[in-house]
Amino acid sequence: MIRVKAIYPGSFDPPTNGHLDLIERGSKIFDELVVAILRNPEKSPLFSVAERRNMLEAMTAGFDNVSVETFDGLTVEYAMKVEASAVLRGIRAISDYEYELQMALMNRKLQPKLETVFMMPAEKYSYVSSRLVREVAQLGGSIDCLVPPLVGQKLREKMDPALKFADGNPAEGRAPKRKARKKKS
Ligand code: PNS
């Protein structure tokens with residue numbers, strides 16, 4: 001029996017509901033799906049690779065055949081290293097097509113054995129991108145329907161680190177208790 005393993009490469013800074021939608025669709029057609037976060041030292045991301053990995057792991061915990069990894073260098077080389085035969089990418093609108101086509105054809109030139117598979121996320125996510133989510137969050141807009149709750153919380157914490165220790169956020173714990181000061185006598 002042939003098992004088809006795919007990688008879903010990207011920056012995921014941060015992961016969005018659109019990414020999650022695509023992961024869910026990909027997990028249904030591939031036997032194994034590796035969400036592969038690019039470690040790109042040239043970019044200065046909002047979230048570190050470790051933070052993105054943690055968020056994606058939490059988001060995909062319910063999918064048995066999905067794992068989360070990081071990579072650097074060429075996508076095609078990483079795909080060959082993990083013995084994947086396909087690259088999954090999402091196309092939201094015509095505007096994505098040109099860039100995605102260019103990338104798919106370049107990847108095919110570099111590694112003819114690797115196929116790129118395009119899938120479309122649900123229409124309701126067709127306008128959602130990590131860049132816009134970052135921008136809206138940075139300007140104080142609501143991103144609640146655009147990202148999973150965990151990512152929303154992490155974004156709010158990035159914008160206002162004091163929230164990390166706010167009441168009602170047990171996931172992060174509270175600020176370490178200060179030692180009681182000795183009363184001055
Ligand atoms: O989510 P993004 O940022 O659109 O993902 C782009 C990504 C990571 C898939 C692309 O930049 C990539 O594949 N980078 C790895 C380097 C590489 O292989 N470059 C040639 C691509 S044709």
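These values consider heavy atoms only, across backbone and side chains, with no hydrogens, waters or symmetry-generated copies. Ligands are counted one by one from 1 in listed order, and the atoms in each one are counted from 1 as well.
- Under a cut-off of 6.0 angstrom, the local environment of CZ in Arg53 is crowded, with over 12 non-hydrogen atoms contributed by other residues, nucleotides or ligands.
- For Thr75, heavy-atom contacts with ligand 1 shorter than 4.0 Å involve the backbone as well as the side chain.
- Residue Asn107 has no nitrogen or oxygen atom sitting less than 3.5 Å from a nitrogen or oxygen atom of ligand 1, judged on distance alone.
- Heavy-atom separations between Gly73 and ligand 1 include at least one value shorter than 4.0 Å.
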Are Thr60 and Val68 close enough, and set up right, to give a side chain to side chain contact (heavy atoms under 4.5 Å, CB included), and what steps lead you there?
CA-CA 8 Å; Thr60 58; Val68 182; 3.7 Å; yes
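- For atom 11 (O) of ligand 1, the nearest protein heavy atom (residue, atom name, distance) is Tyr99 OH, 4.1 Å.
- Using a 4.0 Å cut-off to heavy atoms of Met106, the atoms of ligand 1 that qualify are 22 (S).
- The nearest protein atom to atom 8 (C) of ligand 1, hydrogens excluded, is given as Leu38 CD2, 3.8 Å; this is a heavy-atom distance.
- Contact between Ala79 and Ile7 at its shortest, heavy atoms only, is CB-CD1, 3.8 Å.
- Remark: Arg25 pairs with Asp21 by the salt bridge (Lys or Arg N to Asp or Glu O under 4.0 Å) rule, at least two apart or across chains.
- Interface of Gly10 with ligand 1, defined as ligand atoms under 4.0 Å from a residue heavy atom, comprises 1 (O), 5 (O), 8 (C).
- At a 4.0 Å heavy-atom cut-off, ligand 1 touches Met103 through backbone and side chain alike.
- At least one heavy atom of Arg89 sits closer than 4.0 Å to an atom of ligand 1.
- In this structure a side-chain-to-backbone donor-acceptor pair under 3.5 Å is present from Asn65 to Phe30.
- Nearest protein heavy-atom neighbour of atom 17 (C) of ligand 1: Leu74 CD2, 3.7 Å.
- Residue Ile94 qualifies as open at atom CD1: its count of foreign heavy atoms under 6.0 Å is 12 or below.
- If you check the side chains of Ser126 and Arg92, you find no donor sitting under 3.5 Å from an acceptor.
- Close contacts of ligand 1 with Ser11, meaning ligand atoms under 4.0 Å from a residue heavy atom, involve 1 (O), 2 (P), 3 (O), 5 (O).
- In this structure, Met159 places its CE atom where more than 12 heavy-atom neighbours from other residues, nucleotides or ligands lie under 6.0 Å away.
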